[in-house]
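Here's the structure, in structure tokens; my notes come after.
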Amino acid sequence: MYLMKDITRDGNPVLRKRAAKVSFPLSDEDQKLAKEMMKYLEVSQDPELCEKYKLRAGVGLAAPQVGVSKQMAAVLVPAPDENDEPLFKDVIINPVIVSESVQYGALTEGEGCLSVDKDVPGYVPRHDRITLRYQDVNGETHKVRLKHYPAIVCQHEIDHLHGVLFYDHISKDDPFTAPDDTVMIS
Ligand code: 4LI
Ligand code: NI
């Protein structure tokens with residue numbers, strides 16, 4: 001299982017590389033990678049296990065964050081009521097944003113990243129709604145419409161596959177500025 005020591009940190013060149021496409025059927029190694037990345041998110045979201053293994057909780061984890069430069073990311077966005085089904089749960093492989101809203105969305109409290117130890121304050125303006133095409137671990141293609149939090153998380157993870165970190169999007173002059181009709185997501 002992945003632990004914090006396995007997470008690559010800002011400054012590691014793998015986080016700034018463009019990740020390679022993944023081919024199907026998945027190798028045993030890639031299957032294990034997918035499984036272990038989702039496992040990290042599940043364990044990190046369990047308060048007891050999170051404390052036990054000294055993890056930092058996350059809703060997304062991209063392969064470059066565990067040192068693997070491949071186009072794969074695990075996303076697990078829990079529902080506000082923990083008894084409900086997650087808003088989004090899948091390992092997204094070779095993901096492409098096929099369309100996006102003109103309207104922006106941003107997390108009110110800013111973004112955090114398992115690979116970035118310091119707090120970088122500011123809004124990260126992203127598209128509020130996206131249509132995402134990706135393959136799952138079985139090689140099946142999905143095309144899904146996402147909005148608000150799950151859309152933000154997927155854009156953050158896809159950025160990792162392109163060597164981009166969230167703070168690249170924060171305005172240096174005015175970190176808490178956003179277009180008038182930006183959807184603020186809490
Ligand atoms: C415990 C159990 C406040 C501060 C609010 C925690 C289960 C920040 C938000 C969680 C912030 C869970 C998160 C992300 C932010 C902040 C990620 C807590 C885990 C909230 C996820 C990738 C950005 C994603 C909303 C600087 C590690 N996650 N909070 N941003 N949660 N979590 N991001 N922002 N301010 N990062 O960090 O997984 S997209 Cl689910
Ligand atoms: Ni990140």
Side-chain angles (χ1 to χ4, degrees), residues 2-19 36-92 95 97 100 104-130 132 146-171 175-176 178 182-186:
Y2 291 123
L3 299 171
M4 288 313 292
K5 67 168 171 59
D6 303 307
I7 307 288
T8 57
R9 302 306 159 90
D10 195 5
N12 186 323
V14 73
L15 290 172
R16 292 304 190 175
K17 286 211 317 194
R18 192 165 256 287
E36 294 288 308
M37 288 198 303
M38 185 58 81
K39 187 78 193 167
Y40 178 94
L41 297 179
E42 289 169 349
V43 170
S44 82
Q45 291 180 16
D46 179 305
E48 261 119 62
L49 294 174
C50 186
E51 164 69 22
K52 178 174 176 193
Y53 294 109
K54 299 276 177 253
L55 304 182
R56 195 175 143 193
V59 288
L61 179 66
Q65 295 184 275
V66 293
V68 181
S69 194
K70 289 183 181 172
Q71 289 184 29
M72 196 191 284
V75 179
L76 175 52
V77 183
D81 180 337
E82 59 174 276
N83 300 310
D84 294 345
E85 289 293 300
L87 297 183
F88 187 86
K89 178 179 185 177
D90 214 348
V91 175
I92 60 172
I97 295 168
E100 55 207 21
Y104 290 102
L107 299 185
T108 315
E109 304 292 337
E111 293 190 12
C113 176
L114 299 175
S115 296
V116 180
D117 290 329
K118 62 180 165 57
D119 212 55
V120 187
Y123 297 147
V124 181
R126 300 190 183 276
H127 300 287
D128 182 53
R129 302 177 300 281
I130 59 173
L132 179 67
L146 300 173
K147 59 182 179 183
H148 310 325
Y149 196 33
I152 300 283
V153 176
C154 286
Q155 288 172 83
H156 176 118
E157 299 314 321
I158 291 168
D159 269 356
H160 275 302
L161 308 181
H162 299 151
V164 175
L165 294 171
F166 73 93
Y167 61 75
D168 298 344
H169 299 293
I170 299 177
S171 162
F176 288 99
T182 300
V183 179
M184 296 306 299
I185 300 154
S186 52

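Counting starts at 1 for both ligands and their atoms, in listed order.
At least one side-chain heavy atom of H148 sits under 4.5 Å from a side-chain heavy atom of D128. Contact check for L114 versus Y40: side-chain heavy atoms found under the 4.5 Å cut-off. With a 4.5 Å cut-off on side-chain heavy atoms, V124 and I152 do not count as touching.
In this structure, of Y149, F166, Y167, the residue bringing a heavy atom nearest to atom 32 (N) of ligand 1 is Y149. Distances from atom 22 (C) of ligand 1 to the heavy atoms of K118, R126, E157 show the closest one on E157. Nearest to atom 17 (C) of ligand 1 by heavy atom, out of L114, V59, I152, L76, is V59. Of the candidates E109, Q45, Q65, E82, the one placing a heavy atom closest to atom 5 (C) of ligand 1 is E109.
Among all protein heavy atoms, the one lying closest to atom 6 (C) of ligand 1 is A57 CB, 3.4 Å. With hydrogens left out, the protein atom closest to atom 25 (C) of ligand 1 is L107 CD1, 4.3 Å, a heavy atom. Looking only at heavy atoms of the protein, atom 34 (N) of ligand 1 is closest to G110 O, 2.8 Å. With hydrogens left out, the protein atom closest to atom 37 (O) of ligand 1 is G112 N, 3.3 Å, a heavy atom.
There is a side-chain donor-acceptor pair under 3.5 Å between Y167 and D10.
Within the 4.0 Å heavy-atom criterion, both parts of E111, backbone and side chain, lie near ligand 1. Residue T108 does not touch ligand 1, judged by heavy-atom distances below 4.0 Å.
Counting only protein N, O or S atoms, the number found under 2.8 Å from the Ni ion (ligand 2) is 3.
Between A62 and L161, the closest heavy-atom pair is CB-CD2, 4.1 Å. Taking all atoms of both residues into account, the shortest heavy-atom contact from A106 to T182 is N-CG2, 3.9 Å.
Proximity of a side-chain donor or acceptor of Q155 to a complementary backbone N or O of A151 within less than 3.5 Å is detected. Side-chain atoms of Q45 come within 3.5 Å of backbone N or O of G58 as a donor-acceptor pair. Remark: side-chain polar atoms of T8 are paired, donor with acceptor, to backbone N or O of P64 under 3.5 angstrom.
Distance NE2/H160 to SG/C113: 3.5 Å, rounded to 0.5 Å.
Set against the non-hydrogen atoms of D119, the atoms of ligand 1 under 4.0 Å away are 26 (C).
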key: Evaluation steps, side-chain contact (heavy atoms from CB on, under 4.5 Å), between M37 and Y2   = CA-CA 7 Å; M37 288 198 303; Y2 291 123; 4.1 Å; yes
